[in-house]
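Below: one structure, written as C-alpha coordinates.
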Amino acid sequence: MNIFRLAGDMTHLASVLVLLLKIHTIKSCAGVSLRTQELYAIVFATRYLDIFTSFVSVYNTFMKLVFLGSSFSIVWYMRYHKAVHRTYDREQDTFRHWFLVLPCLVLALLIHEKFTFLEVLWTFSLYLEAVAILPQLVLLQRTRNIDNLTGQYIFLLGGYRGLYILNWIYRYFTEPHFVHWITWIAGLVQTLLYADFFYYYFLRFIGGRGVE
Amino acid sequence: HDEYHEHDEL
(Lines give C-alpha, C1' and ligand atoms only; values in the text may rest on other atoms or scores of the structure.)
Protein backbone atom coordinates (compact mmCIF):
# COMPACT_ATOMS: atom_id res chain seq x y z
CA MET A 1 0.00 0.00 0.00
CA ASN A 2 1.50 3.30 -1.08
CA ILE A 3 0.24 6.83 -0.58
CA PHE A 4 -1.12 7.11 -4.15
CA ARG A 5 -3.14 3.92 -3.81
CA LEU A 6 -4.52 4.96 -0.42
CA ALA A 7 -5.35 8.47 -1.67
CA GLY A 8 -6.98 6.92 -4.76
CA ASP A 9 -9.14 4.60 -2.67
CA MET A 10 -10.13 7.42 -0.33
CA THR A 11 -11.03 9.63 -3.30
CA HIS A 12 -13.10 6.81 -4.75
CA LEU A 13 -14.81 6.35 -1.39
CA ALA A 14 -15.46 10.08 -1.13
CA SER A 15 -17.06 10.10 -4.59
CA VAL A 16 -19.49 7.37 -3.56
CA LEU A 17 -20.26 9.17 -0.28
CA VAL A 18 -20.97 12.43 -2.14
CA LEU A 19 -23.40 10.60 -4.40
CA LEU A 20 -25.10 8.87 -1.47
CA LEU A 21 -25.28 12.22 0.35
CA LYS A 22 -27.04 13.80 -2.61
CA ILE A 23 -29.49 10.91 -2.88
CA HIS A 24 -30.03 10.54 0.87
CA THR A 25 -30.33 14.13 2.06
CA ILE A 26 -31.54 16.03 -1.00
CA LYS A 27 -33.51 13.01 -2.25
CA SER A 28 -32.35 13.84 -5.74
CA CYS A 29 -30.49 11.94 -8.42
CA ALA A 30 -30.81 14.67 -11.05
CA GLY A 31 -27.92 14.53 -13.50
CA VAL A 32 -26.87 11.06 -12.35
CA SER A 33 -26.93 8.28 -14.92
CA LEU A 34 -28.69 5.15 -13.64
CA ARG A 35 -27.10 3.24 -16.51
CA THR A 36 -23.60 4.13 -15.36
CA GLN A 37 -24.52 3.20 -11.79
CA GLU A 38 -25.90 -0.17 -12.96
CA LEU A 39 -22.68 -0.80 -14.87
CA TYR A 40 -20.65 -0.03 -11.72
CA ALA A 41 -22.80 -2.50 -9.76
CA ILE A 42 -22.00 -5.15 -12.40
CA VAL A 43 -18.31 -4.15 -12.31
CA PHE A 44 -18.04 -4.64 -8.54
CA ALA A 45 -20.19 -7.79 -8.51
CA THR A 46 -17.95 -9.50 -11.10
CA ARG A 47 -14.63 -8.18 -9.79
CA TYR A 48 -15.16 -8.93 -6.13
CA LEU A 49 -16.27 -12.56 -6.56
CA ASP A 50 -12.79 -13.35 -5.22
CA ILE A 51 -13.99 -12.04 -1.86
CA PHE A 52 -14.87 -15.68 -1.18
CA THR A 53 -11.66 -17.23 -2.49
CA SER A 54 -8.79 -14.91 -1.65
CA PHE A 55 -7.98 -12.78 1.33
CA VAL A 56 -5.59 -9.84 0.92
CA SER A 57 -6.28 -7.75 4.00
CA VAL A 58 -9.09 -6.61 6.28
CA TYR A 59 -8.84 -3.25 4.51
CA ASN A 60 -9.37 -4.85 1.07
CA THR A 61 -12.31 -6.97 2.16
CA PHE A 62 -13.92 -4.05 3.97
CA MET A 63 -13.55 -1.73 0.96
CA LYS A 64 -14.92 -4.40 -1.39
CA LEU A 65 -18.00 -4.71 0.79
CA VAL A 66 -18.38 -0.92 0.90
CA PHE A 67 -18.20 -0.57 -2.90
CA LEU A 68 -20.54 -3.52 -3.45
CA GLY A 69 -23.07 -2.24 -0.92
CA SER A 70 -22.95 1.39 -2.03
CA SER A 71 -23.22 0.66 -5.76
CA PHE A 72 -26.22 -1.63 -5.33
CA SER A 73 -27.92 0.74 -2.89
CA ILE A 74 -27.48 3.67 -5.32
CA VAL A 75 -29.14 1.60 -8.06
CA TRP A 76 -31.92 0.60 -5.64
CA TYR A 77 -32.57 4.23 -4.64
CA MET A 78 -32.68 5.44 -8.23
CA ARG A 79 -35.00 2.65 -9.33
CA TYR A 80 -37.31 2.07 -6.39
CA HIS A 81 -37.22 5.00 -3.96
CA LYS A 82 -40.21 7.10 -4.99
CA ALA A 83 -38.87 10.59 -4.20
CA VAL A 84 -35.43 9.86 -5.65
CA HIS A 85 -36.80 8.09 -8.72
CA ARG A 86 -38.97 11.14 -9.51
CA THR A 87 -35.83 13.27 -9.99
CA TYR A 88 -34.21 10.78 -12.38
CA ASP A 89 -33.63 12.18 -15.90
CA ARG A 90 -35.07 9.12 -17.57
CA GLU A 91 -35.69 10.71 -20.98
CA GLN A 92 -32.11 11.97 -21.17
CA ASP A 93 -30.41 8.84 -19.86
CA THR A 94 -30.84 6.73 -22.96
CA PHE A 95 -27.37 5.32 -23.61
CA ARG A 96 -27.62 1.65 -24.63
CA HIS A 97 -25.51 0.43 -21.76
CA TRP A 98 -26.10 -3.27 -22.51
CA PHE A 99 -24.22 -2.72 -25.76
CA LEU A 100 -21.15 -2.05 -23.64
CA VAL A 101 -21.51 -5.23 -21.56
CA LEU A 102 -21.43 -7.74 -24.43
CA PRO A 103 -18.29 -6.43 -26.19
CA CYS A 104 -16.49 -6.27 -22.82
CA LEU A 105 -17.46 -9.90 -22.12
CA VAL A 106 -16.24 -11.03 -25.56
CA LEU A 107 -13.01 -9.06 -25.11
CA ALA A 108 -12.46 -10.62 -21.68
CA LEU A 109 -12.96 -14.10 -23.19
CA LEU A 110 -10.38 -13.29 -25.87
CA ILE A 111 -7.81 -11.23 -23.93
CA HIS A 112 -7.02 -12.26 -20.35
CA GLU A 113 -4.09 -13.42 -18.28
CA LYS A 114 -5.58 -16.80 -17.33
CA PHE A 115 -8.58 -18.64 -18.69
CA THR A 116 -10.42 -19.35 -15.46
CA PHE A 117 -13.95 -18.34 -14.45
CA LEU A 118 -12.87 -15.80 -11.83
CA GLU A 119 -10.02 -14.41 -13.92
CA VAL A 120 -12.19 -13.85 -17.02
CA LEU A 121 -14.88 -12.14 -14.93
CA TRP A 122 -12.22 -10.05 -13.20
CA THR A 123 -10.85 -8.99 -16.61
CA PHE A 124 -14.40 -8.28 -17.83
CA SER A 125 -14.89 -5.96 -14.83
CA LEU A 126 -11.75 -4.01 -15.79
CA TYR A 127 -12.93 -3.53 -19.38
CA LEU A 128 -16.44 -2.61 -18.26
CA GLU A 129 -15.22 -0.13 -15.64
CA ALA A 130 -13.18 1.61 -18.35
CA VAL A 131 -16.32 2.44 -20.36
CA ALA A 132 -18.96 2.50 -17.60
CA ILE A 133 -18.73 6.29 -17.37
CA LEU A 134 -19.95 6.78 -20.97
CA PRO A 135 -23.71 6.94 -20.19
CA GLN A 136 -22.89 9.54 -17.49
CA LEU A 137 -20.84 11.52 -19.98
CA VAL A 138 -23.69 11.52 -22.49
CA LEU A 139 -26.18 12.55 -19.79
CA LEU A 140 -23.90 15.39 -18.68
CA GLN A 141 -23.70 16.71 -22.21
CA ARG A 142 -27.49 16.62 -22.51
CA THR A 143 -28.52 18.11 -19.17
CA ARG A 144 -26.13 21.08 -19.38
CA ASN A 145 -26.83 22.29 -15.85
CA ILE A 146 -25.03 20.11 -13.35
CA ASP A 147 -25.32 20.83 -9.63
CA ASN A 148 -22.34 21.04 -7.29
CA LEU A 149 -22.68 17.54 -5.82
CA THR A 150 -22.85 15.87 -9.24
CA GLY A 151 -19.84 17.93 -10.32
CA GLN A 152 -17.93 16.93 -7.19
CA TYR A 153 -18.85 13.28 -7.70
CA ILE A 154 -17.37 13.37 -11.20
CA PHE A 155 -14.32 15.34 -10.05
CA LEU A 156 -13.58 12.83 -7.27
CA LEU A 157 -14.03 9.85 -9.62
CA GLY A 158 -11.53 11.38 -12.03
CA GLY A 159 -9.11 12.04 -9.17
CA TYR A 160 -9.38 8.39 -8.14
CA ARG A 161 -8.41 7.25 -11.64
CA GLY A 162 -5.48 9.65 -11.87
CA LEU A 163 -4.15 8.56 -8.47
CA TYR A 164 -4.37 4.90 -9.46
CA ILE A 165 -2.13 5.60 -12.44
CA LEU A 166 0.42 7.27 -10.14
CA ASN A 167 0.11 4.19 -7.91
CA TRP A 168 0.93 1.88 -10.84
CA ILE A 169 3.93 3.99 -11.82
CA TYR A 170 5.14 3.90 -8.21
CA ARG A 171 4.63 0.15 -7.93
CA TYR A 172 6.33 -0.49 -11.27
CA PHE A 173 9.53 1.12 -9.97
CA THR A 174 9.38 -0.21 -6.40
CA GLU A 175 8.07 -3.77 -6.80
CA PRO A 176 9.83 -6.46 -8.85
CA HIS A 177 7.74 -8.01 -11.66
CA PHE A 178 4.88 -5.56 -11.24
CA VAL A 179 3.63 -5.62 -14.84
CA HIS A 180 -0.10 -5.72 -15.54
CA TRP A 181 -0.76 -4.68 -19.11
CA ILE A 182 -4.50 -5.37 -19.09
CA THR A 183 -5.05 -3.38 -15.89
CA TRP A 184 -2.92 -0.50 -17.13
CA ILE A 185 -4.43 -0.16 -20.61
CA ALA A 186 -8.01 -0.45 -19.30
CA GLY A 187 -7.16 2.07 -16.58
CA LEU A 188 -5.58 4.44 -19.06
CA VAL A 189 -8.60 4.31 -21.37
CA GLN A 190 -10.84 5.01 -18.39
CA THR A 191 -8.72 7.96 -17.28
CA LEU A 192 -8.78 9.46 -20.78
CA LEU A 193 -12.58 9.28 -20.77
CA TYR A 194 -12.55 11.09 -17.43
CA ALA A 195 -10.27 13.74 -18.90
CA ASP A 196 -13.16 14.50 -21.24
CA PHE A 197 -15.37 14.75 -18.18
CA PHE A 198 -13.00 17.19 -16.51
CA TYR A 199 -13.15 19.34 -19.60
CA TYR A 200 -16.89 19.81 -19.08
CA TYR A 201 -16.48 20.15 -15.35
CA PHE A 202 -14.11 23.08 -15.71
CA LEU A 203 -16.22 24.67 -18.43
CA ARG A 204 -19.07 24.58 -15.94
CA PHE A 205 -17.09 26.67 -13.47
CA ILE A 206 -15.21 28.90 -15.85
CA GLY A 207 -18.17 29.66 -18.08
CA GLY A 208 -20.76 30.04 -15.34
CA ARG A 209 -23.92 27.98 -15.52
CA GLY A 210 -24.24 25.96 -18.64
CA VAL A 211 -21.97 23.66 -20.54
CA GLU A 212 -21.99 24.58 -24.20
CA HIS B 1 3.03 -17.90 -7.88
CA ASP B 2 -0.31 -17.59 -6.12
CA GLU B 3 -2.99 -17.32 -8.79
CA TYR B 4 -4.99 -14.43 -7.39
CA HIS B 5 -2.38 -12.82 -5.28
CA GLU B 6 -1.76 -10.02 -7.76
CA HIS B 7 -5.35 -8.75 -7.46
CA ASP B 8 -4.59 -6.74 -4.37
CA GLU B 9 -6.14 -3.55 -5.75
CA LEU B 10 -9.78 -2.51 -5.65
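Here is how names work: the chains are called A, B, and so on, in the same order as the sequence lines, proteins then strands, and each is numbered from 1. Because the structure is predicted, anything quoted here is derived from the model rather than measured.
- Across A:Glu113, A:His180, A:Met63, A:Arg5, the residue that shares the most heavy-atom pairs under 4.5 angstrom with chain B is A:Arg5.
- Using a 4.5 Å cut-off between non-hydrogen atoms, the part of residues 161-169 of chain A that approaches chain B consists of A:Tyr164, A:Asn167, A:Trp168.
- Contact detail for A:Tyr48 and B:Leu10: the closest heavy-atom pair is OH-C, 3.2 Å.
- Within 6.0 Å of atom CG in A:Leu109, more than 12 heavy atoms from other residues, nucleotides or ligands are found, so the atom counts as buried in its surroundings.
- Proximity to chain B (any heavy atom under 4.5 Å) is restricted, for A:Asp9, to the side chain, taken from C-beta onward.
- The number of heavy-atom neighbours closer than 6.0 Å to OH of A:Tyr172, taken from other residues, nucleotides and ligands shown, is 12 or below.
- Residues that satisfy the side chain to side chain donor-acceptor pair (under 3.5 Å) test with A:Thr36, not counting sequence neighbours, are absent from this structure.
- Taking the salt bridge (charged side-chain N to carboxylate O under 4.0 Å, His left out) definition, one finds that B:Glu9 meets it with A:Arg171, sequence neighbours left out.
- Annotation: salt bridge (charged side-chain N to carboxylate O under 4.0 Å, His left out) contacts of A:Arg79 (sequence neighbours excluded): A:Glu38.
- For A:Asp50 against B:His7, the heavy-atom pair with the smallest separation is OD2-CB, 4.2 Å.
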